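Quick note: numbers below take in every heavy atom, side chains included, and nothing from hydrogens, waters or symmetry partners. The shown structure was predicted, so the numbers you read here are calculated from the model rather than taken from an experiment. Whatever order the structure lists ligands and atoms in, that order sets their numbers, starting from 1.
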Amino acid sequence: KTDIQWWHAMGGELGAKLEEITKNFNESQDEYNIVPSYKGNYVETMTAAIAAFRAKQQPAIVQVFEVGTGTMIAAEGAIYPVYQLMTDNQEPFDPAAYLPAVAGYYTDTSGNMLSMPFNSSTPIMYYNKTVFEKAGLDPNTPPKTWAEMEEFSKKIVESGAATCGFTTGWISWIQTENLSAWHNQPIGTLENGFGGLDARLEVNGPVQVRHWENLKKWADEGLYKYAGPLGGDNAPPMFYGQECAMMMNSSGSRAAVVENSKDFDLGFAMLPFYDDVEGAPQNSIIGGATLWVLQGRAPEEYAGVAKFFTYLSSPEVQADWHQFSGYLPITTAAYELSQEQGYYEANPGADTAIKQITLNEPTPNSKGLRFGNYVQVRTIIDEEFEAMLGGSKDAQGALDAVVERGNKLIEEFQAQNQ
Ligand SMILES: O=P(O)(O)OC[C@H](O)CO
């Protein structure tokens, strides 16, 4: 059998499921053997793959999170575009089979899909119905607006039902980028970067500033607890331990959240919005990752990669992965199969993510984002948010600094890649 290396960033329950999927593929045929290797979180996995490419030791497949897309697209000699790989290896492949929100994020200007969708997510809210009841709130009525988030959080904390109202993962992805799309506000110029390398960030508008200001106020009042490091990595334990009654995090956290919430009743809801902002709620944007194929491996490996991608995208495999993990059903067929199987009826709230990401036809502000060097911009967002929480800057100052520092990196990227 030909071995094919797949570097990925799925730990815990997700990693175990990924290995099971790989094993099933390996046993389904006798020519190829996919070898998955966990390389740490998304940033670590991407950094490892870039270093390996320079040392000519790259894997055939690497999982890259959505914000690495701009950088990967620009690495022309290093990547083997998926549409081309599938054609070269006579594997059937139709971008129209994928959900528009997913396909649109990973296609070039001619509609060619550059990487293979695998685990696309969107952030949702998980909440503790048991704590809601203790606080005198209706467990079946989660907050819809940020005003209700504040009101409910106060009740929760004041009643002693929990010590914090809410926490969140990913200050960058959820409370800045998705906050913008959800309120139909731009993250940057030129359709959030889809329109070209000369796009620039403009995430310091009034809605974003108001929201960061509120997060600071709610943190000071003890209604929100910051779950740093990295803008929210510690949110899950705060939620599992029933310290915080609500948590905004990836839909792809579902498997872990379900597994770790057995001591209380779990609810799912869409992200809150400011109901006085015109156009809100719009639609949320994707996160998660796709699989990129790297150049420089033997032709027989690529033939195997193409076969594996066909397997991974099959309705049965995708529906199973979606239902287990909470990642979106990335193809229409996988979504329909999940409906036919009665999955959403049997699991109330499991369709929250797909309903939210398809809530409205995307606008130029809500299709996603595509900027070079954006992985580093994410670090700047976390740093500036922490500076604001620490009191050294106000929300406007922190977001102005995100824009100024982030745009320097984006300009550098443009100069290197134009
Ligand atoms: O936790 P994931 O896999 O849904 O990814 C979340 C963010 O999109 C990463 O950029």
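- Of all atoms in ligand 1, numbered sequentially from 1 with element shown, those under 4.0 Å from a heavy atom of G287 are 8 (O).
- Of the listed options F118, Y42, W170, W173, Y42 places a heavy atom closest to atom 3 (O) of ligand 1.
- Comment: K23 does not engage E19 in a salt bridge, judged by the lack of any side-chain N to carboxylate O separation of less than 4.0 angstrom.
- A salt bridge does not link D394 with K216: every distance from a Lys NZ or Arg NE/NH1/NH2 to an Asp or Glu carboxylate oxygen is 4.0 Å or more.
- Geometrically, R254 engages F268 in a cation-pi contact, judged by NZ or CZ lying under 6.0 Å from the ring centre and within 45° of the ring axis.
- The atoms of ligand 1 that sit less than 4.0 Å from any heavy atom of E66 are 7 (C), 8 (O), 9 (C), 10 (O).
- Looking only at protein heavy atoms, the nearest one to atom 5 (O) of ligand 1 is G288 N, 3.3 Å.
- For ligand 1, the atoms lying closer than 4.0 Å to a non-hydrogen atom of F65 are 9 (C), 10 (O).
- Residues passing the ring-ring contact (aromatic ring centres under 6.0 Å, His included) test with W292: none are found, sequence neighbours excluded.
- Close approach of ligand 1 to S121 (heavy-atom distance below 4.0 Å) involves ligand atoms 2 (P), 4 (O).
- Near Y327, meaning under 4.0 Å from any of its heavy atoms, are these atoms of ligand 1: 1 (O), 2 (P), 3 (O), 4 (O).
- Side-chain rings of F385 and Y226 approach one another, their centers coming within less than 6.0 Å.
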List, one per line, each side-chain donor-acceptor pair under 3.5 Å for residues 233-246, sequence neighbours excluded.
residue	atom	partner	partner atom	Å
N234	ND2	G228	O	2.9
Q242	OE1	N128	ND2	2.9
E243	OE2	K225	NZ	3.2

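- For ligand 1, the atoms sitting less than 4.0 Å from at least one non-hydrogen atom of R378 are 9 (C), 10 (O), numbered in the order shown with element in parentheses.
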